[in-house]
*Asks:* 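Before I ask anything, here is the structure I am working with.
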Amino acid sequence: MEPKKLILVDGNSIAFRAFYAMYTVLEKFKNPEGLHTNAIYAFNNMLDLILSKGQPTDMLVAFDAGKYTFRNQLYDDYKGNRLKTPTEFQEQMPFIKQLLKARGIKTYELENYEADDIIGTVAKKAQKKNFQTTIVTGDRDLTQLVNEQTTVALTIKGVTELEFYTPQHFQEKLGIKPAQLIDVKALMGDTSDNYPGVTKVGEKTALKLIKQYGSLDQLYAQIDKMKASKLKEHLLQDRDVAFLSQKLATIQLDVPVQLDIDQLTYEGDQISQLRDFYQKMNFRTFLSKMDTETTASTIESVETNINFQELNENNIKEITASQQAATVLVEMVQDNYHKAPIIGFGIGIKDQIWVTDNAEILRNPQLKSWLQNPQIKKAVFDFKRNYVALNRWQIHLAGVNFDALLASYLIDVNENSNDLGKLAQGYDYQDLIADSQFYGRGAKLTIPPRSELLQHLAAKITAINFLKTKLPQKLQDHDQDQLFDEIELPLSQVLADMEIAGIKVDRHNLEQMQQDLDQRLQDLEADIYQQAGHEFNINSPQQLSKVLFEELGLKPIKKNKRGYSTSVDVLEKLRGQAPIIAQILDYRQVAKIQSTYVIGLMNSIAVDEKVHTRYQQTLTQTGRLSSVDPNLQNIPARDEGREIRKAFVPSHVGWEIFSSDYSQIELRVLAHISGDQNMQKAFADNYDIHAHTAMRIFGLHDISEVTPDMRRQAKATNFGIVYGISDYGLSQNIGISRKRAAEFINAYFKQYPDVKNYMDKIVQMARTDGYVETIMHRRRYLPDIHSRNYHLRSFAERTAMNTPIQGSAADIIKIAMINMQKKLQADNLQATMLLQVHDELIFEAPKKEIPILEKLVPQVMDSAVQLDVPLKVESAHGPTWFDAKG
DNA sequence: GATTTCACG
DNA sequence: ACGTACGTGAAATCT
């Protein structure tokens, strides 16, 4: 007979994680009575997952009950540092229990016992009856119960990503037996449960000791033989604490559970009860899932029928005679709108919708002037995409005052899938499926039959209309009206102009480079093969590491998932040990230039001899732009790679490339938002900021005493501060000890005390508000700030420090770009803005306009916003991009 | 599709 | 005592 399968769930732990997994949508998930439902929703997601994956015959969810457990009797302060759980969470607990009942799952709690101990006890009983048991929890401690019949599924991220601990996995991961975990905890303590362990002993040391001695008892039995050390002293001193912690860490297996193992049968969903519950909670997705499951599972998800008419030459005149606000849709399947064919077009006015799959309609003059009429207000999804595509038909789309893509991105930067269907579904609008689902993906991409296509287009127009009723209120709630109306929407027009203009690339120049580089690659290759003694693929990190670390016997420095790392920092450390290293570094550099830049760039030159990048305006978490197809924001600027820039040239003879960049904009932003007087003064007095910092942190009296090396270290420290400093990170970056790095940071904060205050304050704000903001109210949610996982939490903290800085700098240059474009038009200049590289704007212009730009561009850039420190702009120009660098 | 490496600010 | 810099995109290789 098949063994019975039991799933045990740590109810409190999973519910709590569920709450924070969907913390960003806390206010989106409310039922009509105002009850928060995010934790209930996420909990149910987890149930769906484990029920379908685990196929249990039996199931139990255990909860904590009562305030005092036997552990409090042992140790007063057990869990003493726990913050009170938020009421938004507490109010959901009873409903999670209701949900479980409706899903046919037993629950159990016992006054003054923790869920852990109930689970331990039940798992032991189940083992005697030969059940196959899986425990689902967010609490690592429970892995002590792992054995051949008991697996622990531990949440990694959220509640649906699980890591399964079997005895083998546990051994591989920690190098000890599951039961030994108790003794490890005894030594290291537990900060979240607030018991101490032995002084100065953390996970690493504890694991080492238990691996060495086998158990806590053995360790203390042999402690006399241990040689004298600080560690030994601490162990002796904290002996009682260790044994107390051991008791606290041990999960009880003999709790008086009044529950028979035969009573845990999983009953399955109680359909009508569950339907009522979902309805009460306003869980539309789960409701519809239930319907599709219960009706016939054969029915594919089909878009709801939406009434529409076909747009044609006969009705277009009448439609475009209307002066009313409208919704406009230009459909393309491919990403690159500079060349993707238009496969559909649609208009929505009030409740009426007209669509067509005939792009030729765009030749209609009435339609053209309607689209170009700024008086007729239009709503779209992705203005820039629509604008650029229509521009290819000589139509200049105007009057757009709502872009659902831009709006949703500003409301939540995680909403960056760029898919209207997905976006609308996120706002509980179910009548439009995602494009990837409708058209398929990659090789399977096809355009469905006409009738279905028209239906899809109509559904898109309704989705945009729906979002137009929802998103403006949210923008207002976030205080983002100005950001939307005066920055992002006008910017998308500016970006469209820049993308359409494109930048000219000299193909012959690249072809020449390709030949030269090819020769060099061949020479290097031959040399490398000779030294290795055989041929191999230098581009393969695997084969390379075999050559270096096995055949040549060099010492590996860093590991990655597949073996030993061969990255630059590793190779740099090995340089000097073998001549092959320098040549590999050379080869790598040349190969990169060749494949990514020379060949890659040539492949994206269009028929007009230009490259037309696309700026992704709704992608980054900080508000920066990104550039794709090709990426013109990472063209080499240093060393040999810089030569590539010689291929970027003006598109007319007698013109030049002109470039202006903000000097130290991020540090200036930091000086402004932190309000730090010392840093502000340094900028006001126009000091070399890195030298100034060096003077301060090295305690010198005058800037002239600063050596180049001091300046270099101070510069790295400044960068570190902007990124959300850690002593380790800084020490790695400038090759000093961690202790020394910590001293730097301390000195830094002493010299710039309000920078320190800012760092503390912004992290605190992220904790209380759940998000951080830039000077223009761009918002980024940081749910991981509450994570119990150190790694995730620290990352969120650094992000909280960095995002307002990087994001505000992005705000500033965006404003400058809009003002710049206006000014160029107003002054009737031929100069054209072509590229943006985060803190730098690149133009082409007739030579005679260069002197004008030299005054104008810095003027516009440094007056974009008024900060408490001056902004500084530097310019350069020349016949190619290479020369336009100061 | 994920991973590694390396280009930029 | 933990284990780390912030934000991106592209090419080549591995699975």
Side-chain angles (χ1 to χ4, degrees), chain A residues 187-189 191 197-207 413 441-442 537-545 558 560-571 585 588-589 591-601 603-604 613-616 619-642 644-645 661-662 664-666 716-717 719-734 738 741 745 780 789-795 797-807 809-810 813 835-840:
Chain A
L187 290 168
M188 68 183 269
T191 39
V198 176
T199 314
K200 294 281 178 195
V201 173
E203 188 177 332
K204 281 273 161 75
T205 319
L207 271 172
V413 291
R441 236 194 297 238
N537 185 349
I538 310 171
N539 284 319
S540 161
Q542 217 168 61
Q543 294 181 38
L544 180 63
S545 92
K558 216 168 60 178
N560 59 31
K561 284 193 180 157
R562 281 202 250 271
Y564 296 122
S565 170
T566 63
S567 59
V568 195
D569 50 321
V570 170
L571 296 184
L585 282 164
R588 278 255 179 92
Q589 200 189 15
K592 173 86 179 177
I593 297 168
Q594 181 77 307
S595 65
T596 306
Y597 297 106
V598 178
I599 295 172
L601 199 57
N603 287 335
S604 42
T613 187
R614 277 153 34 228
Y615 288 105
Q616 306 248 110
L619 183 138
T620 69
Q621 298 287 301
T622 55
R624 274 188 173 185
L625 301 174
S626 90
S627 158
V628 292
D629 201 12
N631 180 355
L632 296 181
Q633 290 181 319
N634 73 344
I635 302 299
R638 294 178 274 264
D639 304 327
E640 207 182 309
R642 209 183 137 195
I644 288 284
R645 294 186 173 216
D661 68 286
Y662 282 113
Q664 272 109 32
I665 187 163
E666 293 192 344
T717 311
F719 273 102
I721 293 288
V722 167
Y723 294 155
I725 197 99
S726 77
D727 50 8
Y728 180 86
L730 182 63
S731 73
Q732 288 298 298
N733 198 293
I734 52 179
R738 190 170 145 176
I745 294 166
R780 180 177 186 178
N789 177 324
Y790 174 86
H791 183 67
L792 292 177
R793 190 176 61 248
S794 308
F795 187 60
E797 287 168 1
R798 290 197 296 274
T799 309
M801 300 184 231
N802 173 266
T803 297
I805 302 172
Q806 193 182 115
I813 196 166
L835 303 175
Q836 187 252 44
V837 192
H838 309 306
D839 61 357
E840 181 184 12

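Chain identifiers are assigned alphabetically (A, B, ...) following the order of the sequence lines, protein sequences preceding nucleic acid strands; residue numbering begins at 1 within each chain.
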*Asks:* At under 4.0 Å between heavy atoms, how does the protein contact nucleotides 2-9 of chain B? Give one character per nucleotide, 5' to 3', with B, S or -.
*Replies:* -BSSBBSB
*Asks:* Under 4.0 Å, counting only non-hydrogen atoms across every strand here, what does A800(A) touch: a base, just sugar-phosphate, or nothing?
*Replies:* nothing
*Asks:* Both Y790(A) and L625(A) contact DNA chain C. Taking the nearest nucleotide for each, which residue is further toward the 5' end?
*Replies:* Y790(A)
*Asks:* Kindly give the heavy-atom pair with the smallest separation between I805(A) and E666(A), and that separation in Å.
*Replies:* CG2-O, 3.4 Å
*Asks:* What does S626(A) touch in the nucleic acid at a heavy-atom separation under 4.0 angstrom: a base, only the sugar-phosphate, or nothing?
*Replies:* sugar-phosphate
*Asks:* With rounding to the nearest 0.5 Å, note down the distance linking NE2 in H838(A) to OG1 in T620(A).
*Replies:* 9.0 Å
*Asks:* Using the C1' atom as the point on both nucleotides, what is the distance between dT4(C) and dA7(B), in whole Å?
*Replies:* 22 Å
*Asks:* Backbone N or O of Y615(A) within a donor-acceptor pair of the S627(A) side chain at under 3.5 Å?
*Replies:* no
*Asks:* Taking for each residue the nucleotide of DNA chain C bearing the nearest heavy atom, is the 5' side occupied by G202(A) or by Q621(A)?
*Replies:* G202(A)
*Asks:* Heavy atoms only, 4.0 Å cut-off, all strands: where does F719(A) land among base, sugar-phosphate and nothing?
*Replies:* nothing
*Asks:* Restricting to non-hydrogen atoms, name the atom on T622(A) and the atom on R780(A) that form the minimum distance, rounded to 0.1 Å.
*Replies:* CG2-NH1, 3.8 Å
*Asks:* For R562(A) and S545(A), does a side-chain donor sit closer than 3.5 Å to a side-chain acceptor?
*Replies:* no
*Asks:* Between which nucleotides of DNA chain C, 5' to 3', does chain A make heavy-atom contacts below 4.0 Å?
*Replies:* dA1(C) to dT15(C)
*Asks:* From the options V598(A), D639(A), I599(A), select the one residue that forms a side-chain contact (heavy atoms from CB on, under 4.5 Å) with I593(A).
*Replies:* V598(A)
*Asks:* Could you check whether D629(A) gets within reach of a base, just the sugar-phosphate, or nothing at all, counting any heavy atom under 4.0 Å?
*Replies:* sugar-phosphate
*Asks:* Going by the angle between their ring planes, with limits at 30° and 60°, are F795(A) and H791(A) parallel, tilted or perpendicular?
*Replies:* parallel
*Asks:* If you draw a 6.0 Å radius around OH in Y564(A), do more than 12 non-hydrogen atoms from other residues or ligands fall strictly inside?
*Replies:* no
*Asks:* From Q732(A) CD over to R738(A) CZ, what is the distance, rounded to the nearest 0.5 angstrom?
*Replies:* 10.0 Å
*Asks:* Quick one: CE on M188(A) to CG on L207(A), what's the gap to the nearest 0.5 Å?
*Replies:* 8.0 Å
*Asks:* Mind pulling the stems DNA chain C is in, i.e. runs of at least three Watson-Crick or G-U pairs, everything under 3.5 Å?
*Replies:* B:1-9 with C:6-14
